[in-house]
Amino acid sequence: QVQLVESGGGLVQPGGSLRLSCAASGSILSIVTMGWYRQAPGKQRELVATITRDSTTNYADSVKGRFTISRDSAKKAVYLQMNSPKPEDTAVYYCNARVVTTFTLPEQNYWGQGTQVTVSS
């Protein structure tokens, strides 16, 4: 089993900064991709940013230039640096990882429990 634990959410003012962290643990052979998704009230979950094993990144257009995703493979961790957040960034942020746990199974998708980010003055 694989667990993803997020931290770092909270209240932040528009134009401020916030850093989210997510650490993976459990029976992990390798982590293919890690990323962040978010879900605002009444909306579907959407991609924020992903980062692959070779550090290739992908961002939603709405956060490009403001958010930065990074990973520490040794710690099995992924981070999201949120700079200049806007009220529309308010959502529950979920950590995601595509993980290989055994040599006989394909990679599987895992989710964290989510952390609330509220952008408000």
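Side-chain atoms of I28 and K76, non-hydrogen and from C-beta on, do get closer than 4.5 Å to each other. Using a 4.5 Å cut-off on side-chain heavy atoms (C-beta onward), L20 and W36 make contact. With contacts defined as side-chain heavy-atom distances shorter than 4.5 Å, the pair V99/Q108 does not qualify.
Rounding to the nearest 0.5 angstrom, the gap separating the CD atom in E6 from the CG atom in L80 is 11.5 Å. Once rounded to the nearest 0.5 Å, the distance linking CZ of R19 with OG1 of T68 reads 11.0 Å. Taking NZ from K86 and OG from S120, the interatomic distance works out to 16.0 Å, rounded to the nearest 0.5 Å.
With sequence neighbours excluded, no residue forms a salt bridge (Lys or Arg N to Asp or Glu O under 4.0 Å) with D54. Remark: Y37 engages W111 in a ring pair (Phe, Tyr, Trp, His ring centres under 6.0 Å) (not counting sequence neighbours).
Under the 4.5 Å side-chain heavy-atom criterion for Ile, Leu, Val, Met, Phe, Trp and Tyr, V92 and L47 are members of the same hydrophobic cluster. Cluster membership check: L29 shares its hydrophobic cluster with V32, using side-chain heavy-atom separations under 4.5 Å among Ile, Leu, Val, Met, Phe, Trp and Tyr. If you chain together hydrophobic residues whose side chains sit under 4.5 Å apart, V78 and Y110 fall into the same group.
The residues K64 and D61 are annotated as salt-bridged, a charged nitrogen and a carboxylate oxygen being separated by less than 4.0 angstrom.
No cation-pi contact links R38 to Y94, judged by a cut-off of 6.0 Å to the six-membered ring centre and 45° from its axis.
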